[in-house]
Amino acid sequence: MITALIVAGGRGQRLGGPIPKQYRLLDHLPIIRHTIAAFQSHGAIDRVRVVIHPDDQDLYHQATAGADLSPPLLGGATRQESVRRGLEGLESDPPDLVLIHDAVRPFIAGATIGAVIAALRHTPGAIAGVPLADTLKRCRDGKITGTVERTDLWRAQTPQGFHYRPLLDAHRAAFRDNPDRQDFTDDAAIAEAAGLAVAMVPASDDNFKITTEDDLARAIFILQNR
Ligand SMILES: Nc1ccn([C@@H]2O[C@H](COP(=O)(O)OP(=O)(O)OP(=O)(O)O)[C@@H](O)[C@H]2O)c(=O)n1
Ligand SMILES: C[C@](O)(CO)[C@H](O)COP(=O)(O)O
């Protein structure tokens, strides 16, 4: 069984606005609905579960009215904690594979979902990403302090797919070894720290994360010109 775990427990502080960004409307539908639909409509995904902020239950139920979904799982103060709590919420009926995806990446292509799943036939982890095309600089106080060698650098996206049990064990080990460390910004880093092999699956820049006002404007433009 393959479960998509959509993480939607954030506060959207970099975007701001009246409600957390995953509930902002995109072409008359909340962003989270677009993302959920991408996985519910994929033939290889057996179940979609969503992790939400405990304060967002009313927002979530309004946003997902009419969608055939299991009750949401409750997240935590960081993305890392939300994922760990989400994974633990699946333990009573564990999937074989889990694809963790940001609720605010609504333009995920079915082909990318399928490619991540296909890669998991050969490796315990596989993530979507795109190769870096810009030069990277280190800066402090507006001054360049160095240039980062960009050979072999990729921008990680989601979905990040894994064999379920090894990833749950990896998240639990990270929490056990250092409960205060919450700076793993993606799940591949947790898997790598546990010694799991993680493959990179080439994806598209269309699978961008809505983080800022510019990203939201880009998303609106895409839908208005589809
Ligand atoms: N405690 C958290 C933090 C983030 N996320 C989710 O992880 C994804 C990527 O995180 P990000 O884009 O950083 O979302 P926010 O944390 O909401 O944004 P910000 O950092 O601007 O507050 C989002 O779908 C977000 O809802 C989560 O489930 N639980
Ligand atoms: C998981 C992720 O989307 C991969 O690029 C990214 O690390 C999330 O970072 P955020 O700061 O939680 O948005």
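Only a predicted model underlies this, so the values are computations on that prediction, with no experimental measurement involved. Read the numbers this way: they start at 1 and go in the same order the structure lists the ligands and their atoms. Along the sequence shown, residues carry numbers from 1.
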Shortest heavy-atom approach to atom 10 (P) of ligand 2 - which of Arg79, His101, Arg14: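 Result: the heavy atom closest to atom 10 (P) of ligand 2 is in Arg14.
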Could you pull out, from Gly76, Gly75, Gly12, the option with a heavy atom nearest to atom 1 (N) of ligand 1?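 Minimum heavy-atom distance to atom 1 (N) of ligand 1 goes to Gly76.
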Might you work through the side-chain contact (heavy atoms from CB on, under 4.5 Å) test for Phe107 and Leu223, ending with a clear yes or no? CA-CA 10 Å; Phe107 299 114; Leu223 285 184; 3.9 Å; yes
Counting from 1, what ligand 2 atoms have a heavy atom of [X] closer than 4.0 Å?
X: Arg105; value: 2 (C), 3 (O), 4 (C), 5 (O)
X: Asp186; value: 1 (C)
X: Lys209; value: 3 (O), 8 (C), 10 (P), 13 (O)

In terms of residue, atom name and distance, what is the protein heavy atom nearest to [atom]?
atom: atom 9 (C) of ligand 1; answer: Asp102 OD1, 3.6 Å
atom: atom 3 (O) of ligand 2; answer: Asp102 OD2, 2.6 Å
atom: atom 22 (O) of ligand 1; answer: Gln13 N, 2.7 Å
atom: atom 4 (C) of ligand 2; answer: Ala156 O, 3.4 Å
atom: atom 6 (C) of ligand 2; answer: Thr185 O, 3.6 Å
atom: atom 10 (O) of ligand 1; answer: Arg79 CD, 4.4 Å
atom: atom 24 (O) of ligand 1; answer: Val7 O, 2.8 Å

Counting only nitrogen or oxygen atoms and a 3.5 angstrom limit, does Gln157 reach ligand 2?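 Looking only at distances, the answer is no, because the N/O contact criterion of under 3.5 Å is not met.
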Heavy-atom side-chain proximity of Lys209 to Thr158 below 4.5 angstrom: no
Using distance alone, with no hydrogens and no angle criterion, decide if Ser204 and Asn207 have a side-chain donor and acceptor under 3.5 Å apart. no
Before signing off on this row, confirm whether [X] and ligand 1 have an N or O atom pair separated by under 3.5 Å.
X: Leu15; value: no
X: Gly10; value: yes
X: Val51; value: no

What are the atoms of ligand 1, with element, lying closer than 4.0 Å to any heavy atom of [X]?
X: Ser82; result: 1 (N), 2 (C), 27 (C), 28 (O), 29 (N)
X: Ala77; result: 1 (N)
X: Lys21; result: 11 (P), 12 (O), 14 (O), 17 (O), 18 (O)
X: Ala103; result: 24 (O)
X: Arg14; result: 11 (P), 12 (O), 13 (O), 18 (O), 19 (P), 20 (O), 21 (O)

Measure [X] to ligand 1 on non-hydrogen atoms and call it side chain, backbone, both or neither using the 4.0 Å cut-off.
X: Val104; value: both
X: Arg11; value: backbone
X: Arg105; value: neither
X: Pro20; value: neither

Considering residues, nucleotides and ligands other than Asp152, do more than 12 of their heavy atoms fall under 6.0 Å from its CG?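 No, not enclosed.
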Hey, what do you get for NE2 (His163) to CG (Leu196), rounding to the nearest 0.5 Å?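 Result: 9.5 Å between the selected atoms.
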To the nearest 0.5 Å, atom CG of Leu90 lies from atom OG of Ser70 at 9.5 Å
Can Thr145 and Arg138 be said to form a side chain to side chain donor-acceptor pair (under 3.5 Å), step by step? CA-CA 5 Å; Thr145 58; Arg138 285 191 186 286; over 6 Å; no
For ligand 1, is there an atom lying under 4.0 Å from some heavy atom of Thr78? yes
